[in-house]
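As the structure is a computational prediction, the values presented were derived from the model and not from experiment. Values reported hereafter were calculated over all heavy atoms of this structure, with side chains retained and with hydrogens, waters and symmetry mates removed. Below, chains carry the letters A, B, ... as their sequence lines are ordered, and counting in each starts from 1.
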Amino acid sequence: MKEYDHLSIEKKWQKEWEKKKVYKTLNTSKKKKYYVLDMFPYPSGVGLHVGHPKGYIGSDVFARFKRMQGFNVLHPMGYDAFGLPAEQYALEHHIHPRKAVLENVKAFEAQLNKIGFSYDWERRVNTTDPEFYRWTQWIFLKIYNSWYNQKTNKAEPIEKLIKIFEKSGNVGVNAAGTFTSEFVAKEWNEKIEKEKQDILMNYRLAYEGYSEVNWSPVLGTVLANDEVVDGPTGPVSERGGYPVVKKEMRQWFLRITAYADRLAKGLDTLNWSDHIKEIQKNWIGKSVGAEIDFKIKDGQNIRIFTTRPDTIFGVTYLVLAPEHPALLNLKSKIRNWDAVSSYINKTKLITPEERMDSKEKTGVILRGIVAINPANGEEIPVWIADYVLVNYGTGAIMAVPAHDERDLEFAQKYILPFNEVIIEVFGDILKEPIRRDVVKAIIVRNNKVLLVKENNEQYSLPGGSYELGESDLSALSREIREETEYKNFKIKDYLGSVERFYRKDMKNNTGENRVRRIAGYLVEITNEEKEKIQHDGWITETKWFDMKEAIEVLKKTDYNAEALFIKKILENNHCFVSEGILVNSGKFNGFSSEEAKIKITKEVGGKIVTKYKIRDAIFARQRYWGEPIPLVHTKDGIIKPLGDKSLPLKLPDVKSYEPTGTGDSPLAGVKEWMKKGLETNTMPGWAGSSWYYLAYMTQGISNFQFPIFKNNTKAKRTKEAIQYWKNVDMYVGGQEHATGHLLYSRFWHKVLKDYNLVPTEEPFQTLRNQGMILGEDNRKMGKRWGNGVNPDDVVKYYGADTLRVYEMFMGPFESSLPWSTDNIIGSRRFLDKVWRLQEKVVTKKMSRTVLDISTNTKLEALLHKTIKKVGDDINNFAFNTAVSSMMILANEMEKQEEIKQAHFEMFLKVLNPFAPHMTEEIWKFLGNKTLLVNEKWPKADPKKMLELEVKIVIQVNGKVRADCMIILNTLENDVIEMVKTLPDVEKWLLGKEIKKVIYIPNRLVNLVIF
RNA sequence: GCCCGAGUGGUGGAAUUGGUAUACACGCAAGACUUAAAAUUUUGUGACCGUAAGGUCAUGUGGGUUCGAUUCCCACCUCGGGCACCA
């Protein structure tokens, strides 16, 4: 047997596969399609470390497995080379980014190819290739020339909207956007072109706007929120750690908010990890609430947004964001305008970060302004405060200190009234409550709470029912005096009310259903008071408890109301923010929050609306290295899109591509460019990655063609290709893209779907996230800590197959785990072992000894079980256990004198996706003329998995006491009788009576004795 | 603060629907081969008590349900991730 020389074997087979084009994928096949995709990398130039290929190895194992299972597998790779990282690299090394990208791609690909991936390289894409970005630009124009019709719930051509305007104005139009004023057809038709275009800009899915953005003076560019991280002295850029400040700038935006609902709903149909879905869901931030108008006395309405219209009777003031537009109209009426305007200016000066960091709430009352609560006609003050954000909801809120922590904090600071309107309920909610109100005193001394033990073994606290016409306080004082002998007590605080439901005793049919409202008060007594409690002699014992302890005791005795009150004292927070039952709410008293929300909104003339946290995406960079935005600014100030025939709008060659530092893109310095009036912003890094998975579907980007011209064969073929591949079936990549790429590409895909350019609603059906490989020091691997491990070195020393097996064996695919140079040897030893097994392989004719039938069937059973397990595990991305089961099989095979060739070949097939080179070599050595990569996945035969004998465990009282072998499927009674006679079991049964026997067939017997 | 996820040997980790906890691998120890080393290989390896047979205790902590709990329920602790004045 020759030596396992991984270097020559791997080189040989990589050449052979390339020569025979075994990974070339055709778009026509009788086989079922399967699309396995990796998130494509940006070729950074510093080279790969062993962490980078982990995801690629996982998807490659999966793709090879699917291929062997008989699928037509699309498994491509390409490069995301536009954007900041590529440009930064070029700037640092003083070479043109185009050149840098080409060099880096070459180096990158050389490294990848050593690991033996099964990519169809003919489909390679590069986002910086004009043939590629021509379509990025084309899709952008499609988005630009669209508006979102909320009646049909999809994007539609802007021409259609113009026709509607010409015919009937915008009155009946329900479009996504912020445009509020109305016009009729006549008004529209009389407008000049510039005015029309300005209005349309409010409807387009790609629109120009001005906004405060993250401006990095050093990088000379604007950054997206997810490119900014917290630094020690404020926000800094994620890349480079340069300081970031706020700056108002002209921007392009994509109206992703129009798709918020579809993006949220679509998540339910996806086979993604709950974790990623959760992140996207939070990011979209859907919440259903009501918009309600509060009338300003002698003035206009203020529209507020709230998710809790059921608390409207508890409103004690209104708050507007300092930037709220209504302030201008109110200006003349505001008597303290000086104070108000200085507060507004102050808010403008501080950054949003500072605004969020400052824990103390601030605000100014608007003197002279009075609002009217539409629910009860009450007059309430209006404030401005920076804890209300202008760009969420309506920029104004109704404040309910009793049921919102932020409002409470504000109300406490400025001494504003507190009005409780919701109380908590235990048990069921009765439609028509029958109340028996009680009041409870939580008596404390030195932070200890007094618990009173009644005869019926329950703990209680002093308290009782009201007498006719009594207020809370007088009833409480009376009850305390009656039940205790305390004279020196102080009612310190109101703890809120709760409602408790008591069902009548159905069994004995006694009592009645009733609801009790329990009001809680904190009562403090002085140390001098003696512990005297007396009440008709039914109290047997009193005790002072530590507060936490008291809660536990009360919970056990079902006195939840008291426990809740004590918890409130401990947390020093009397704000009940959950839903409950309405009180102090006029005719809505007794309603549940859920019911009241709808009824009250209707009553006050409000509207149920849905709001989202997600913001429109900024789609512009003031940089050179990005796709040019194909728009022209005319002299009249109108923006016009380029025609399809003018695409691609190529990035011009410039001498200096460094940022100008003024905020303008380097394109603003190109004469030719400016003469044509072309847009100077370029697209952000995520543009190309939002549709690249479609580009792979045709064989080479030069064959890609969206249907621009009718009857174009290229366009027809592209359409067929997209219809065939549909969407990505398995997508593998890092979870850091949860709120970026993965959201944006879903958005673009949905726009394309609205134009029937793609057949599915979602681009990525299943998503798997690989964990990182950390350095041996448990820190992030890379240049920063100098702990990077180069895959080239590992491939050279141990081989690509060992690298592949080890990275899959390390642990669960999704976990981040440290690299270990100690542990990798185990994977190499495993492959060495498999290599040596060749020697034991015999064909039928060659058999030197008579194979022991029983050990042979045993091995066969293990083999078939392993085939099944490896297949199942790969499907579940549980590669680590797949490898481990193959190790068990190899260990077992090693113990055999001889291995049947057919058995060993089946083993090679299941190992092939993990170690393609070595298995291919052995396959050939065994005399096969075909290539192993083209072989079919072996079938696991369930009949052959069964073993004649199985081990069962015998437990006595649930503890394992013995085990023994039985013939498969022995009858229950026979097993139990036999098991009782085992010496290890018998001694435990001696003199005891068996109460119960639990029998799990072929697994376990549990004898229960006493 | 709120919302997710996770805590298992010296280490990475495994365990189907509640049914032998610690598979597989690394490391370590002892033996074989060797002049020697490396490589390979054999055996052992959760903790404690015991010469042994055997027993007791162990899946972050404390309770509960069950014949039986890493798995289900409750409370708490620690770590990781996401969001963070979103009304």
Side-chain angles (χ1 to χ4, degrees), chain A residues 273-283 285-287 289-290 304-308 311 319 321 352 355-359 361 385-389 391-400 403-407 409-410 548 551-552 555 573 577 611-615 735-736 738-739 805-806 809-812 814-827 829-830 832-833 836 869 872 878 880-891 894 951-963 984 987 994-1001 1003-1010:
Chain A
S273 71
D274 291 341
H275 180 64
I276 297 279
K277 285 200 212 177
E278 186 77 18
I279 294 174
Q280 285 209 353
K281 215 171 147 186
N282 288 343
W283 187 265
K286 181 177 177 172
S287 62
I304 60 94
F305 174 70
T306 179
T307 54
R308 295 298 302 274
T311 62
V319 189
R355 185 162 159 179
M356 283 176 204
D357 282 351
S358 65
K359 278 168 196 155
K361 289 200 168 33
D386 67 1
Y387 81 93
V388 174
L389 306 174
N391 49 6
Y392 182 79
T394 58
I397 62 152
M398 60 180 214
V400 187
H403 304 292
D404 184 284
E405 285 179 25
R406 294 151 301 183
D407 296 340
E409 203 186 312
F410 192 77
K548 273 189 184 164
I551 292 175
E552 292 305 310
K555 270 186 183 165
N573 175 11
V577 296
K611 299 279 174 189
Y612 301 91
K613 280 196 240 178
I614 191 170
R615 302 283 148 79
Q735 60 163 31
E736 66 273 19
T739 56
V805 169
Y806 174 61
F809 180 63
M810 284 173 81
E814 309 80 29
S815 306
S816 290
L817 297 164
W819 179 262
S820 164
T821 32
D822 281 340
N823 286 355
I824 193 170
I825 189 68
S827 298
R829 281 183 195 151
F830 164 61
D832 281 338
K833 198 176 281 178
R836 285 197 307 272
K869 177 148 178 66
D872 291 349
N880 56 331
T881 48
V883 174
S884 126
S885 66
M886 287 187 288
M887 284 173 169
I888 293 169
L889 180 63
N891 289 345
E894 204 187 24
K951 193 164 107 178
I952 61 160
V953 192
I954 302 98
Q955 297 182 334
V956 179
N957 280 353
K959 285 195 176 169
V960 181
R961 297 302 180 186
D963 56 48
D984 280 345
K987 69 179 186 194
I994 296 176
K995 284 267 157 79
K996 200 174 170 189
V997 179
I998 284 109
Y999 179 68
I1000 311 290
R1003 270 206 129 140
L1004 169 141
V1005 179
N1006 188 7
L1007 304 168
V1008 185
I1009 58 170
F1010 289 101

**Asked** Using purine N1 to pyrimidine N3 plus N6-O4 or O6-N4 for Watson-Crick, or N1-O2 and O6-N3 for G-U wobble, both under 3.5 Å, which nucleotide pairs with B:A15?
**Response** none
**Fill in**
Rounded to whole Å, the CE-C1' distance (A:M887 to B:A23) equals 12 Å
**Prompt:** Aromatic rings A:Y387 and A:F410: how do their planes relate, parallel, tilted or perpendicular, breaks at 30° and 60°?
**Reply:** tilted
**Request:** Tell me what A:Y612 touches on the nucleic acid: a base, only sugar-phosphate, or nothing, going by heavy atoms under 4.0 Å.
**Result:** nothing
**Request:** Identify whether any heavy atom of A:I1000 sits under 4.0 Å from a base atom; if not, whether one sits that close to sugar-phosphate; answer base, sugar-phosphate or nothing.
**Result:** base
**Fill in**
Atom CG of A:N282 and atom P of B:G81 are separated, to the nearest Å, by 16 Å
**Request:** Name the nucleic acid region contacted by A:R961, choosing base, sugar-phosphate or nothing; use a 4.0 angstrom heavy-atom cut-off, strictly under.
**Result:** sugar-phosphate
**Request:** Could you tell me whether the side chain of A:R829 has a donor or acceptor atom within less than 3.5 Å of a complementary atom in the base of B:U41?
**Result:** no
**Message:** Please classify the nucleic acid contact of A:D822 as base, sugar-phosphate, or nothing, using heavy-atom distances under 4.0 Å.
**Reply:** sugar-phosphate
**Integer angstrom distance from the P of B:C85 to that of B:C76** = 26 Å
**Asked** Stepwise, does the side chain to side chain contact (heavy atoms under 4.5 Å, CB included) test hold for A:V400 with A:R308?
**Response** CA-CA 9 Å; A:V400 187; A:R308 295 298 302 274; over 6 Å; no
**Request:** Would you classify B:G55 as syn or anti? Syn applies when the glycosidic angle is within 90° of 0.
**Result:** anti
**Nearest-Å distance once atom C1' is located in both B:G27 and B:G12** = 11 Å
**Request:** Tell me whether the OP1 or OP2 atom of B:A87 has a side-chain N or O from A:Y387 closer than 4.0 Å.
**Result:** no
**Spacing between A:F809 atom CZ and B:U11 atom P, to the nearest angstrom** = 17 Å
**Request:** Could you give the distance separating B:A14 and B:A25 at their C1' atoms, to the nearest angstrom?
**Result:** 11 Å
**Asked** More 5' along RNA chain B: A:I824 or A:D832, using each one's nearest nucleotide?
**Response** A:I824
**Request:** Using the C1' atom as the reference point in each nucleotide, state the distance between B:C73 and B:A87 in Å, no decimals.
**Result:** 35 Å
**Prompt:** What nucleic acid atoms does A:Q955 come within less than 4.0 Å of, heavy atoms only: base, sugar-phosphate, or nothing?
**Reply:** base
**Request:** Would you tell me whether A:K613 and A:N282 have side-chain atoms, one donor and one acceptor, within less than 3.5 Å of each other?
**Result:** no
**Message:** Nearest whole Å is fine: how far is B:C4 C1' from A:H275 NE2?
**Reply:** 8 Å
**Prompt:** Between the side-chain atoms of A:K995 and the base atoms of B:C67, is any donor-acceptor pair under 3.5 Å?
**Reply:** no
